[in-house]
Amino acid sequence: PDCDVGDPGALSPFVKTVSLPASVSVSVSGTASQNKILFKALGGGTDVTAGSATITLTHTQSGNSKAITVTPAGVIK
């Protein structure tokens, strides 16, 4: 993230985006924001509201799916 020149103590958000093939769908549950997980700086954890968030990747043609969990502390499993 870059520092805000107008407020040197503030950080601008850093957003990471990726492109997936049309045959792959993504869903996220258990977070405050729809289909997003906010990772906070310096051990601040995440915005995960439940016991953990689940990211589900599904290959729409085969129906195969994979679930990835993220804990409130930011651990990815």
Side-chain angles (χ1 to χ4, degrees):
D2 298 323
C3 288
D4 181 350
V5 177
D7 181 4
L11 294 175
S12 61
F14 179 77
V15 177
K16 175 68 177 172
T17 58
V18 295
S19 297
L20 296 173
S23 61
V24 176
S25 68
V26 178
S27 65
V28 179
S29 62
T31 63
S33 305
Q34 184 177 353
N35 284 333
K36 295 180 185 178
I37 298 175
L38 173 67
F39 286 86
K40 301 173 186 175
L42 301 173
T46 66
D47 68 341
V48 172
T49 56
S52 63
T54 303
I55 303 168
T56 304
L57 302 170
T58 304
H59 186 259
T60 56
Q61 294 171 345
S62 68
N64 292 333
S65 64
K66 177 68 176 174
I68 301 163
T69 58
V70 180
T71 69
V75 176
I76 301 169
K77 300 179 185 180

**Asked** Sub-3.5 Å donor-acceptor pair from the side chain of Thr31 to the main-chain atoms of Lys36, do we have one?
**Response** yes
**Asked** Looking only at atom types and distance, does a side-chain atom of Ser23 sit under 3.5 Å from a main-chain N or O of Thr60, one as donor and one as acceptor?
**Response** no
**Partner residues of Ser62 under the side-chain hydrogen bond (donor to acceptor under 3.5 Å, both in side chains) criterion, sequence neighbours left out** = His59, Asn64
**Message:** With rounding to the nearest 0.5 angstrom, report the CD1 to CD1 distance, Ile37 to Ile55.
**Reply:** 4.0 Å
Name each donor-acceptor pair under 3.5 Å that joins a side chain in residues 66-77 to protein atoms two or more places apart or in another chain, with its distance.
| unit_1 | atom_1 | unit_2 | atom_2 | d |
| --- | --- | --- | --- | --- |
| Thr71 | OG1 | Ala73 | N | 3.4 |
| Thr71 | OG1 | Gly74 | N | 3.4 |
| Thr71 | OG1 | Val75 | N | 3.0 |

